[in-house]
Amino acid sequence: MIVADLHIHSRYSRATARSLDPERLWLAARRKGLDLLGSGDFTHPAWLAELKEKLVPTEDGAFELRTDLAACLDDETPATCRRPVRFLLSGEISCIYKRGGRTRKVHSLILMPDFAAVERLNARLGRLGNIVSDGRPILGLDSQDLLALCLEVEPRVIFIPAHIWTPWFSLFGSKSGFDAIEECFGDLTGHIQALETGLSSDPPMNWRLRSLDRFTLVSNSDAHSPGNLAREANLLNCEPNYPALALALADRQGNGFAGTLEFFPDEGKYHLDGHRKCGMRLTPAETRAAGGRCPVCGGPLTVGVLSRVEELADRPPGAGPEVARSFESLVPLDEVLSEAMQRGPATKGVVAARGELLERLGPELYILRQAPLADLEQAGGSVLAEAVRRMRAGEVWVEGGYDGQFGVVRLFSPAERQKIKGQGAFWSLAREARPGPTPAPADHAQGRARAEAALLRPLDPALEDLNPEQARAVEHRGTPLLVRAGPGTGKTRVLVQRAARMVEEGLEPERILMVTFTRKAAAEMRERLAALAPSAEAVRVTTFHGLGREILTQALGAPPAVADEEARLALIVPLARDLGLKPGDLAQQLTRCKQTLMLPDGAVAEHLAAYEALLAKEGLLDLDDLVRQAAMRLHREQELARAWSGRFGQVLVDEYQDVNPAQVYLLRALCGPGVEVTAIGDPDQAIYGFRGADRSLFRAFASDFPGAARMGLIDNYRSGPAILALAQALIAGDPDPSRVIPRPRLTGGPLPVLCELANPEAEAEWVADKVVGLLGGVDSRQVETAPEAAPLNYGASDIAVLYRLHAQATALREALERAGVPVQVAAREPLAETDPLDFKAQRVSLLTMHAAKGLEFPVVFVAGLEEGLLPYQPPQRPPADLDEERRLLFVALTRAKDRLYLCRARQRALFGHSLRPALTPLMRDLASSLLIREKADAPRRRARQLGLFAT
DNA sequence: GGGTTCTAGATTTTT
DNA sequence: TCTAGAACCC
């Protein structure tokens, strides 16, 4: 028979002992009496390197401490405890993700048969999230996807849902788990052979669920220090190696898996229900009677494991499957000694006594489980012997743990304890009749209605039936049409509906052209169109550049060769040098010429001519040429114009505020008589002036396309009224009589929050604290210090952090990663290594305000609201245009649906200069009633704790 | 040619 | 302050 503890942690995990290295784990395992020990934390690169250095393979998939290291430590092991200790490679992963409208937090224990498999796994995980800053990494990955990934990497993986009943971080957790294992792991459930029951539950509790009968119930310590090793463990009748363990777990008929060593579940931190702040401990029946509310403060109770088991149980208490493994309930030796000596478990006396017992009798588990009472009496006195006898017999007094508070197991009555105190260990205990253990409450759980299966998102009203303004825009025919559509008013929807309606009316889909600026937008449009009306599939959806290329392809008889960025620079850089210009300036000058169609004079004309000659020599066009040349040819070449100007009967253009003159010129060429143009956009969201977009073209639409009708969308479906009010106040700084005041369709929601922090690091820290709070805490310390966290149910992908410059991302990313939050920084060049699961991983998005355009998030942070940063004041250059920067901030604010957090630093180092910037002038004059100014707590630790769950 | 030192410059971004 | 590219040195 061997004893195995498969789930532990290294010193690289949060809140773990610094002494957790392979040597001391090995030593502790020997003192405990363990034969097989999980390495823990194999996802952590530094820990894995240490394991590879210090462990050597022995049996199949098992490892031993290097002999030279073991030799050095042999002296430190009591002679009675010397035994071989094998390691297996194990790790734990915390998945935090949203499924079915609820935030899920599920921990999983994973074992792998060799280092190569671990490395394959880590390579994949490393692309999906941050596995370096915590030994137990937090990933925004669905548990089912994690299991799929593990199986893909190594079919022999042993995947065990960890401590399945803890409320905050487990498969069945009351706060963020599931009601059935299949709900969590879907059709991969069959690959799971074992479930870890955790400290707060024991096998009889688990036996009450028939659905768990087919699983092996394992128990591990989840130790965060060497001393806690083996506080729960497994008994196995097999060789101490990987395949033998796998077989023992999988084979429910055989007896490879003999049973478990358990905590008294009452001692676990989440056994009963309660509210720690108020000191309220409740049984499941009491909780029901109290309606799930704390009888003292009325706040929500943390529902413990016992309640949760009853809720899901389909067998009465005491019932179980026909075949079940045995188990023994133990109290850790230091606690037994603490009782026998009536002094704290960590006191010198207890520590010394334990050492002496180990020397004389053997490992801790032997002492607790097997040592004859006579030997115990001889080595440790009769009180100790009696204490151990009672423990083995289950004659204990318990105060159940609740809401993160460990329970207390007592081996002696108060009177006996008084006696021990008075007489010391010399007092000999009479065996007294004593009350049995606190009985488990015997009421039966009511099967709760599982109402929240597959929560449907509220139906989008604009999709179901259009509001009057939208309907007008969709149905208008006969003239060009310009629609002004503010953020969240259903702009794309109107465009898509309009196209679909036209198809319905009998227009061939090939006669409809939809034009966007980016391929991404085009793809989205295509998708939405297909979803709305399959018959509209043949509608042409493309970008301006794609359209230009197509026209040129026809004109030239072959697709034009287009200079990519690299080729273009290869021409521009030497040219700029010859001309004594900066390459960037020259590039800007040239692109400006092409986009505005302005015929330059003087020096610029020469530059352009020289550049065009170089392009011609290479037989290349640049990207600007795709639009410009297509437009010019359409205007000049009659045959080409004939082919194109009537090809489309309807042309719909998105984001019209971003067009440049070349694009309008192209549109006009395309739209001969009888062709109707629809343009939709929002001049308040024009943020690309710097790259040639000319928002005055929005206003000029009616003269470019005579007879145009104008309309505006009014209802905003995206943002709460408070967010909208702030954004509107901001944009009002740039008066525009034709602006439509939006009408919020959502109600309620908190005011936006503004906080001014000492520096960018503190600012990032503030953001990270808020994010952790919105996620309801990502580690147990957080949920235990602030368990009243409102059930906000935000997932990481519901949250975005926006900023003006990429340079701001570093501090924000670091703070979020330190907090354990999965993040994704939208970099200019996408990371080369992407994982197939990448698109499914849920992460907080870090984006520039520009990159956020067109997106929406339930929660938005906007960081760095400082003068100099917004509007941006580049060194040695003219400051960015105030109104365009105002629109940029407007775009940023209007990305938010429910919650908006604004912040800025009082001190910021930008390009080497340390500045003490003022608040951005864009926000200075806003009415104070539009937002809540939050005070920054000066000492960081306080800020962390208090800021956590404040809103 | 390869390595070191110096110095200017430093947004936002799509095709 | 950091970095990329140029200038410089052997």
Side-chain angles (χ1 to χ4, degrees), chain A residues 515-523 542-552 559-569 573-574 576-577 581-585 587-588 590-592 594-595 620-630 654-655 657-660 662-663 666 685-693 759-760 802-811 826-830 846-855 862 864 866 868-892 907-915:
Chain A
V515 188
T516 65
F517 283 83
T518 67
R519 288 187 290 221
K520 192 174 153 220
T542 185
T543 62
F544 275 107
H545 289 90
L547 180 64
R549 172 195 291 271
E550 202 178 325
I551 292 167
L552 287 178
V562 179
D564 60 16
E565 195 54 29
E566 200 186 333
R568 182 164 181 261
L569 275 179
V573 168
R577 199 171 319 140
L581 289 169
K582 288 185 228 163
D585 288 351
Q588 177 100 348
L590 296 170
T591 198
R592 193 56 65 89
K594 294 192 177 189
Q595 292 184 347
L620 293 171
L621 296 184
D622 68 13
L623 282 159
D624 294 322
D625 286 332
L626 289 181
V627 175
R628 184 184 74 142
Q629 295 218 8
D654 198 10
E655 305 275 20
Q657 76 283 352
D658 286 335
V659 293
N660 60 43
Q663 288 159 336
L666 176 64
Q685 294 182 72
I687 55 174
Y688 285 115
F690 69 90
R691 65 171 203 217
N759 52 51
L802 311 184
Y803 39 80
R804 177 66 235 264
L805 305 182
H806 285 296
Q808 293 169 255
T810 309
R828 267 159 290 192
E829 65 280 9
L846 268 59
L847 303 161
T848 62
M849 297 188 212
H850 283 92
K853 192 174 172 220
L855 306 176
V862 186
E866 298 136 34
L869 208 47
L870 197 78
Y872 181 55
Q873 168 63 269
Q876 269 105 37
R877 300 230 161 204
D881 177 73
L882 181 71
D883 285 325
E884 181 146 317
E885 300 277 302
R886 188 195 321 276
R887 294 191 293 271
L888 184 58
L889 182 55
F890 177 74
V891 166
Q907 177 274 123
R908 184 176 299 270
L910 210 53
F911 308 125
H913 298 284
S914 183
L915 308 167

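Per chain, numbering begins at 1; letters A, B, ... match sequence-line order. Worth saying up front: this structure is predicted, and the values here are computed from it rather than measured. Values below: every heavy atom of this structure, side chains too, minus hydrogens, waters and symmetry copies.
Checked against B:dT13, B:dT15, B:dT11, the side chain of A:Arg877 finds its nearest nucleotide in B:dT11. Nearest to the side chain of A:Arg519, among B:dA10, B:dT15, B:dT13, sits B:dT15. Closest to the side chain of A:Arg691, out of B:dA10, B:dT15, B:dT13, is B:dT13. Here the side chain of A:Thr518 is nearest to one of B:dT13, B:dT14, B:dT11, namely B:dT14. Distance from the side chain of A:Pro874 is smallest for B:dT11 among the nucleotides B:dT11, B:dT13, B:dT15.
Exactly one of A:Val659, A:Leu547, A:Asn660 qualifies for a side chain to side chain contact (heavy atoms under 4.5 Å, CB included) with A:Leu666. That residue is A:Leu547. Screening A:Lys594, A:Gln595, A:Gln629 for a side-chain hydrogen bond (donor to acceptor under 3.5 Å, both in side chains) involving A:Asp624 leaves a single residue, A:Gln595.
In this structure, the CG atom of A:Leu910 is 11 Å from the P atom of B:dT12, given to the nearest Å. To the nearest angstrom, P of B:dA10 lies 17 Å from CG of A:Leu915. Rounding to whole angstrom units, CG of residue A:Asp564 and P of B:dT14 are separated by 16 Å. Put simply, CZ on A:Phe911 is 14 Å from P on B:dG9, counting in whole angstrom units. Straight-line distance from the CG atom of A:Leu847 to the P atom of B:dT14: 11 Å, rounded to whole Å. In this structure, CG of A:Leu590 is placed 21 Å from P of B:dT15, rounded to the nearest angstrom. The distance from atom CZ of A:Arg886 to atom P of B:dT12 is 22 Å, rounded to the nearest whole Å. At whole-Å resolution of the value, CD in A:Glu655 and P in B:dT15 are 13 Å apart.
As judged by a 4.0 angstrom heavy-atom cut-off over every strand, A:Arg804 is placed among the base-contacting residues. A:Tyr872 comes within 4.0 angstrom of a base, heavy atoms only.
When each of A:Gln588 and A:Leu623 is assigned the nucleotide of DNA chain B with its nearest heavy atom, A:Gln588 is the one assigned upstream, toward the 5' end.
Distances shown here put every side-chain N or O of A:His806 at or beyond 4.0 Å from the OP1 or OP2 atom of B:dA10. At the phosphate of B:dT14, neither OP1 nor OP2 sits under 4.0 Å from any side-chain N or O atom of A:Thr543.
Rounding to the nearest 0.5 Å places CG of A:Leu552 at 8.5 Å from CG of A:Asp625. Here A:Arg887 contributes atom CZ and A:Ile687 contributes atom CD1; the two are 9.5 Å apart, rounded to the nearest 0.5 Å.
Using a 30° and 60° split on the angle between ring planes, A:Phe911 and A:Tyr872 fall in the perpendicular class, above 60°.
On the P atoms, B:dT11 is 12 Å away from C:dA4, given to the nearest whole Å. The same atom, P, is picked in B:dT12 and in C:dT3; the two are 16 Å apart, to the nearest Å.
Stacking of A:Phe517 onto the six-membered ring of B:dT14 is not present when judged by under 5.5 angstrom between centres and under 30° between planes.
Using modelled atom types and a 3.5 Å distance limit, the side chains of A:Gln907 and A:Ser914 yield a donor-acceptor pair.
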